[in-house]
Protein chains: 2
Amino acid sequence: MSMDAVFRALADPTRRQLLDSLHIRNGQTLNALCAEMDMTRQAVTKHLAILEEANLVTTIRKGREKEHYLNPVPINEIADRWIGKFERGRLNALGDLKKRLERED
Amino acid sequence: MSMDAVFRALADPTRRQLLDSLHIRNGQTLNALCAEMDMTRQAVTKHLAILEEANLVTTIRKGREKEHYLNPVPINEIADRWIGKFERGRLNALGDLKKRLERED
DNA sequence: TTGACATGCAACCAAATGGTTGCATATTAA
DNA sequence: TTAATATGCAACCATTTGGTTGCATGTCAA
């Protein structure tokens, strides 16, 4: 669950597409995911392995099929712990919201 | 300014370290940045070129020196347009804030 | 039971990546 | 002017990456 693994996993467009696909329909089997990708099943398998390594995807074996589930936690962690540092407008806007709430309370 | 270039630029720990360094002290020269990195100047130059390509770093030539400035905009765009899709708790919390504000107004 | 189907494993390959060294160019300062 | 300093360019190299093909294994259904 190293942050580096997450960044490297997200670097490839095919893997981001796989995450998108799981975001739309969670729990897809390997075959279902392959149907959308323009490459061999083995290539997709490798990409999914990298996503699993980064803990972005979890799998459950159901009989002869393997279901894939999206885990958004590492993405959230990156957003909070790393990207947050570089944000300006967005964080300021949230800070303004909080200040207004504090006055409200 | 393609999103893919930004993701690939962020995939390398050395490049994230360079962004960190510029976040701490903006406008550093190439030599200053190299001093912190455990590799040759030419290697750092290549990393900075990739960051420039992704529009994460902007440079200004000052005489024989080259100053490097962090541009957080692409990181914000990734946070807004891509990571936001996968966020759960964080976005919900922000949504709650907004709803409370709407009641307030 | 046997054939079809879903997945796993491994070898192989081309291209990209991250680094090096060597030398060239441009600017500042003595 | 000349020497030191800051950066640029290019060739080269090892390793990683993203993909392939071929075959093996496991499970469901007829």
Side-chain angles (χ1 to χ4, degrees), chain A residues 2-22 25-71 74, chain B residues 1-22 25-71 74 78:
Chain A
S2 91
M3 203 165 66
D4 190 62
V6 181
F7 272 112
R8 275 193 286 106
L10 294 180
D12 186 89
T14 300
R15 291 193 285 271
R16 293 198 302 277
Q17 191 183 338
L18 285 168
L19 293 180
D20 279 339
S21 178
L22 288 178
R25 191 156 48 94
N26 213 5
Q28 291 182 69
T29 68
L30 175 59
N31 253 1
L33 288 169
C34 288
E36 311 175 34
M37 305 294 158
D38 197 22
M39 61 186 66
T40 62
R41 173 179 55 85
Q42 287 81 353
V44 176
T45 301
K46 284 191 185 179
H47 284 299
L48 287 170
I50 291 173
L51 288 171
E52 267 197 88
E53 181 92 5
N55 201 28
L56 285 161
V57 163
T58 306
T59 62
I60 297 177
R61 192 64 188 256
K62 284 268 180 70
R64 65 178 162 180
E65 296 187 339
K66 194 180 184 181
E67 295 177 346
H68 296 75
Y69 293 91
L70 175 65
N71 177 22
Chain B
M1 70 204 245
S2 93
M3 203 165 67
D4 190 62
V6 180
F7 271 113
R8 275 192 286 105
L10 295 179
D12 186 89
T14 300
R15 290 194 286 270
R16 293 198 302 277
Q17 191 183 340
L18 285 167
L19 293 180
D20 278 339
S21 178
L22 288 178
R25 190 157 50 95
N26 213 5
Q28 291 182 70
T29 67
L30 175 59
N31 253 2
L33 289 169
C34 288
E36 311 175 33
M37 304 295 158
D38 197 22
M39 63 186 66
T40 61
R41 172 179 55 84
Q42 288 81 353
V44 176
T45 301
K46 285 189 184 180
H47 284 299
L48 287 170
I50 292 172
L51 289 171
E52 266 196 89
E53 181 92 4
N55 201 30
L56 284 161
V57 163
T58 306
T59 62
I60 299 178
R61 193 64 190 254
K62 285 265 181 70
R64 66 177 163 182
E65 296 188 337
K66 194 180 184 183
E67 295 178 346
H68 296 75
Y69 292 91
L70 175 65
N71 177 22
I78 280 190

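Within every chain, numbering begins at 1; the chains are lettered A, B, ... in the order of the sequence lines, protein sequences first and strands thereafter.
- Atom CD in A:Glu52 sits about 13 Å away from atom C1' in C:dT7, given to the nearest Å.
- In this structure, OG1 on B:Thr58 lies 8.5 Å from CG on B:Leu70, to the nearest 0.5 angstrom.
- Put simply, CD1 on A:Ile60 and OH on A:Tyr69 are 5.0 Å apart, with the number rounded to the nearest 0.5 Å.
- The CG atom of B:Leu19 sits 11.5 Å away from the NE2 atom of B:His68 when rounded to the nearest 0.5 Å.
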Practice problem: Show the numbers, then the answer: is there a side chain to side chain contact (heavy atoms under 4.5 Å, CB included) between B:Asn71 and B:Leu56? | Solution: CA-CA 5 Å; B:Asn71 177 22; B:Leu56 284 161; 5.8 Å; no

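- A:Asp4 places its CG atom 15 Å from the C1' atom of D:dT17, with the value rounded to the nearest Å.
- When the shell of 6.0 Å around CZ of A:Arg61 is examined, it contains more than 12 heavy atoms from other residues, nucleotides or ligands.
- Defined by atom type and a distance below 3.5 Å, a donor-acceptor pair is present between the side-chain atoms of A:Gln28 and A:Ser21.
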Please tabulate, one pair per line, each protein N/O and nucleotide N/O from nucleotides 26-29 of chain C that are separated by under 3.5 Å, including the distance.
from, atom 1, to, atom 2, distance (Å)
C:dT27, O2, B:Arg64, NH1, 3.3

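- Per the geometry, CG belonging to B:Leu33 stands 12 Å off P belonging to D:dG8, to the nearest Å.
- Using a cut-off of 4.0 Å between Lys/Arg side-chain N and Asp/Glu carboxylate O, B:Asp4 and B:Arg8 are scored as salt-bridged.
- Per the geometry, CD belonging to A:Gln17 stands 14 Å off P belonging to D:dG18, to the nearest Å.
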Exercise. Spell out protein contact along nucleotides 12-22 of chain C as letters: B when the base is contacted, S when just the sugar-phosphate is, - when no protein heavy atom is under 4.0 Å; keep the 5' to 3' order.
Key: -----SSBBBB

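- When the side-chain nitrogen and oxygen atoms of A:Asn31 are compared with OP1 and OP2 of C:dT7, one or more of them lie within a distance under 4.0 Å.
- Distance A:Arg16 CZ to D:dG18 P: 11 Å, rounded to the nearest Å.
- Rounded to whole Å, the distance from CG on A:Leu48 to C1' on C:dC9 is 16 Å.
- Note that OG1 of B:Thr40 is 8.5 Å distant from NZ of B:Lys46, once rounded to the nearest 0.5 Å.
- Counting to the nearest Å, the C1' atom of D:dA6 and the CD1 atom of B:Ile60 are 17 Å from each other.
- By the side-chain hydrogen bond (donor to acceptor under 3.5 Å, both in side chains) test, A:His47 pairs with A:Arg15, sequence neighbours left out.
- Atom CG of B:Leu30 is separated from atom P of D:dC9 by 12 Å (rounded to the nearest Å).
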